[in-house]
Novice: 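A single structure is presented below for examination.
The analysis underlying the following values was restricted to heavy atoms, covering all of them including side chains, and did not include hydrogens, waters or symmetry mates. For clarity, every value in this text was computed on a predicted model and none was experimentally measured. Order of appearance sets the numbers: ligands from 1, and atoms from 1 within every ligand.
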Amino acid sequence: MAEKTAYTQAAVSGKYDKSSGLLGKYDNVRRFWEDQLTGIFLRPSLNDLVQRKSERMERLRILDIGCGNGDGYDLIMDVNSKDAGIFEYITAAITDDRLQTYVGLDINEELLQQAQAGYGQNPKVQFVQADLSNGLPDATLEAPPFDLYFSSYGTFSHFDTEQTVRLMADVCRHASDGALFVGDWLGRYAYEWQDLWHHPVDQEYWMNYRISYIYPEAERDRHDVATFPLRLLCADEILSMAQAAGKAAGCTLRPVKLFDRSVLIGRHMDTGDYNRHCPKMRYAVNSLFEGYTRTDLESVRVNYVPRPGFDALNHHFEMFFMAVNTLVDYTIALLAHHDPGQGVVGNVPEIQPYYPEPLKETMQAMRRVIEGVGWLQWGDVRANVIEPHLGYCLRKLEMELQQGMGTGHSLCGIFEIKK
Ligand SMILES: C[S@@+](CC[C@H](N)C(=O)[O-])C[C@H]1O[C@@H](n2cnc3c(N)ncnc32)[C@H](O)[C@@H]1O
């Protein structure tokens with residue numbers, strides 16, 4: 001009887017559910033690509049900040065604006081201190097003893113309850129309910145300044161220009177010189193919503209965002225899919241709001257880096273809700289990262305369909321997807337010609353001198369990986385080593401062949417507050 005109760009308890013808790021990285025909020029792309037890419041771009045500024053604080057014998061104070069269920073805490077605490085050597089195992093930029101406090105603000109009570117359940121046992125972590133559409137709440141403005149004013153996964157796309165400028169200006173007034181602000185919006189020109197590109201850029205544009213991707217494809221039509229407005233932006237719109245906020249607060253929000261996240265693998269690539277031509281790249285890349293699951297590499301290719309009248313964007317995407325396809329084709333060829341007996345690849349296709357540098361580097365890396373491990377007879381090296389590495393190479397292409405213009409699902413800005 002006790003046994004039955006224990007199994008029932010386990011089943012009801014959800015902890016007994018079969019887990020996979022192929023679908024869901026915390027799919028492989030979210031963990032190995034999106035969170036990591038944000039962290040890699042944030043790493044230099046965060047390391048500088050930690051260094052400056054250490055030199056003053058101070059610990060870090062972090063404010064997460066629109067924290068939801070508190071995922072930003074792990075994202076920040078998982079950022080590496082540097083490109084760690086292979087032998088090191090403690091690599092965090094902010095070790096627990098360097099953190100003074102993390103405060104998460106959000107309007108949504110249910111999400112805050114989840115956040116509290118997940119992180120509330122940590123005495124340095126605090127969650128506060130607040131509507132941020134009128135700026136930072138009084139209690140936050142009265143607290144000592146933070147060192148990092150952080151947001152993630154599109155939170156700032158909930159605010160119009162006036163609200164954004166007010167919120168950023170409040171951050172500027174509250175912060176000390178040298179603090180960091182990280183804003184996270186949705187990009188105006190993602191391939192996954194190519195149908196929406198035509199809206200005039202001199203006007204705010206709010207898309208009707210469907211969270212259709214939470215349902216498996218076969219079930220999507222049967223559900224009443226929730227929609228809500230989210231603002232799409234390009235780099236110029238963000239920079240002009242940052243300038244206005246700095247001016248209002250009498251300081252400067254200096255842009256350190258603007259970057260696109262999820263150009264190739266945004267969640268709506270798979271739904272086709274806003275561009276029926278999109279290939280299901282998120283599922284394909286999730287599969288690359290999934291252990292003991294082999295991927296049809298042809299499914300990781302993109303047959304880009306240009307939109308007439310958008311020459312500069314078409315040119316950018318043509319080049320980017322050509323690079324992706326070239327790397328995938330090269331990997332397919334390497335696998336086809338790999339000789340496990342010799343541990344080498346015969347008939348290697350040529351790496352052309354005119355290929356962009358990141359493409360050349362990833363092609364060379366894939367060859368070294370396949371020649372290095374392809375001979376192993378156990379542990380399914382194709383599924384468990386080679387395919388994940390192709391995933392990381394594609395991520396590198398996304399990071400290095402972009403301009404931070406708003407061509408991804410998200411557009412993030414790292415700013416330094418200069419007083
Ligand atoms: C896309 S979610 C991101 C959540 C979290 N940062 C993450 O990475 O998972 C946007 C968050 O902004 C919050 N939000 C939207 N409007 C808000 C407002 N007016 N004031 C405070 N929070 C708001 C939502 O409740 C939601 O948690």
Side-chain angles (χ1 to χ4, degrees), residues 24-27 29-39 41-42 62-79 102-119 125-141 146 148-171 174 180-187 190 192-193 204 206-214 225-233 241 259 261-262 266-268 408-414:
K25 183 178 180 193
Y26 302 107
D27 61 1
V29 165
R30 164 81 185 237
R31 292 172 55 219
F32 302 131
W33 186 310
E34 295 174 326
D35 283 352
Q36 292 292 330
L37 184 145
T38 310
F41 277 117
L42 190 54
I62 298 170
L63 184 71
D64 191 343
I65 300 168
C67 63
N69 59 2
D71 286 337
Y73 177 81
D74 284 335
L75 196 157
I76 296 166
M77 297 302 281
D78 283 347
V79 175
Y102 163 99
V103 178
L105 303 177
D106 203 283
I107 196 168
N108 187 302
E109 212 168 308
E110 284 77 25
L111 288 174
L112 288 172
Q113 277 167 14
Q114 266 187 30
Q116 190 60 31
Y119 301 92
V125 171
Q126 200 195 336
F127 295 101
V128 180
Q129 189 177 18
D131 178 359
L132 299 165
S133 53
N134 288 314
L136 289 177
D138 290 344
T140 306
L141 289 170
F146 293 90
L148 172 61
Y149 296 79
F150 180 79
S151 70
S152 53
Y153 291 102
T155 293
F156 269 77
S157 271
H158 285 283
F159 306 121
D160 64 23
T161 297
E162 202 184 313
Q163 293 167 333
T164 307
V165 171
R166 188 163 41 220
L167 193 47
M168 284 162 102
D170 272 359
V171 165
H174 189 246
L180 293 178
F181 165 72
V182 178
D184 199 306
W185 293 265
L186 263 60
E192 64 197 277
W193 39 74
E204 282 186 21
W206 295 74
M207 77 182 287
N208 231 349
Y209 194 87
R210 293 164 54 83
I211 332 188
S212 41
Y213 49 76
I214 56 173
V225 174
T227 66
F228 53 91
L230 280 179
R231 187 175 174 192
L232 303 186
L233 296 97
M241 290 190 296
F259 61 92
R261 186 184 57 232
S262 309
R267 292 195 186 264
H268 279 294
H409 181 284
S410 305
L411 174 56
C412 309
I414 303 172

Novice: For atom 1 (C) of ligand 1, which protein heavy atom lies nearest, and how many Å away is it?
Specialist: Tyr153 O, 2.8 Å

Novice: Where is the tightest heavy-atom contact between Cys67 and Leu112, given as atom of each residue plus distance?
Specialist: SG-CD2, 3.8 Å

Novice: To the nearest 0.1 Å, how far is atom 6 (N) of ligand 1 from its closest protein heavy atom, and which atom is that?
Specialist: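 It is Gly66 O, 2.8 Å.
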
Novice: Looking at atom 27 (O) of ligand 1, what's its closest protein heavy atom, distance included?
Specialist: Asp106 OD2, 2.7 Å

Novice: Using a 4.0 Å cut-off to any heavy atom of Leu111, which atoms of ligand 1 qualify?
Specialist: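 Numbered from 1, ligand 1 contributes 27 (O).
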
Novice: Considering heavy atoms of the protein only, find what lies nearest to atom 8 (O) of ligand 1 and give residue, atom and distance to 0.1 Å.
Specialist: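 Answer, as residue, atom name and distance: Ser152 OG, 2.8 Å.
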
Novice: Would Leu105 and Leu136 count as a side-chain contact (heavy atoms from CB on, under 4.5 Å) if you check the C-alpha gap in whole Å, the side-chain angles of each, and the deciding distance to 0.1 Å?
Specialist: CA-CA 9 Å; Leu105 303 177; Leu136 289 177; 4.1 Å; yes

Novice: Give the residue, atom name and distance (to 0.1 Å) of the protein heavy atom nearest atom 14 (N) of ligand 1.
Specialist: Ile107 CG2, 3.9 Å

Novice: Say whether Gly72 and ligand 1 are in contact under the criterion: heavy-atom distance to a ligand atom below 4.0 Å.
Specialist: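 Under 4.0 Å: no for Gly72.
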
Novice: In ligand 1, which numbered atoms sit nearer than 4.0 Å to a non-hydrogen atom of Ala130?
Specialist: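 Listed by number with element, the hits are 20 (N), 21 (C).
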
Novice: Quick one: which ligand 1 atoms are inside 4.0 Å of a heavy atom on Asn108?
Specialist: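 Listed by number with element, the hits are 25 (O).
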
Novice: A cation-pi test, strictly: NZ or CZ of Arg261 under 6.0 Å from the centre of the six-membered ring of Tyr153 and no more than 45 degrees from its axis. Yes or no?
Specialist: yes

Novice: Is it true that the side chains of Asp64 and Tyr102 contain a donor and an acceptor less than 3.5 Å apart?
Specialist: yes

Novice: Measuring only between side-chain heavy atoms, which start at C-beta, is His268 closer than 4.5 Å to Ser212?
Specialist: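 With C-beta onward as the side chain, the pair touches.
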
Novice: Are Asp78 and Arg31 close enough for a salt bridge, meaning some N to O gap below 4.0 Å?
Specialist: no

Novice: Identify the closest protein heavy atom to atom 20 (N) of ligand 1: which residue and atom is it, and at what distance?
Specialist: Leu132 N, 2.9 Å

Novice: Checking a contact table here: which protein heavy atom is nearest atom 19 (N) of ligand 1, and how many Å away?
Specialist: Asp131 OD1, 2.9 Å

Novice: Please confirm whether the backbone N or O of Gly68 pairs with a side-chain atom of Asp106, one donor and one acceptor, at under 3.5 Å?
Specialist: yes

Novice: Taking both backbone and side-chain atoms of Gly154, is any N or O found less than 3.5 Å from an N or O belonging to ligand 1?
Specialist: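 Between Gly154 and ligand 1, no N or O pair is found under 3.5 Å apart.
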
Novice: Indicate yes or no for a side-chain donor-acceptor contact from Ser262 to the backbone of His409 under 3.5 Å, with no hydrogens or angles considered.
Specialist: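 Pair absent, no side-chain N/O of Ser262 close to backbone of His409.
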
Novice: Just let me know how Ser151 lines up against ligand 1, side chain, backbone, both or neither, with a heavy-atom cut-off below 4.0 Å.
Specialist: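 The answer is neither; Ser151 stays 4.0 Å or more away.
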
Novice: Ser151 side chain to Val182 main-chain N or O, any donor-acceptor pair under 3.5 Å?
Specialist: yes

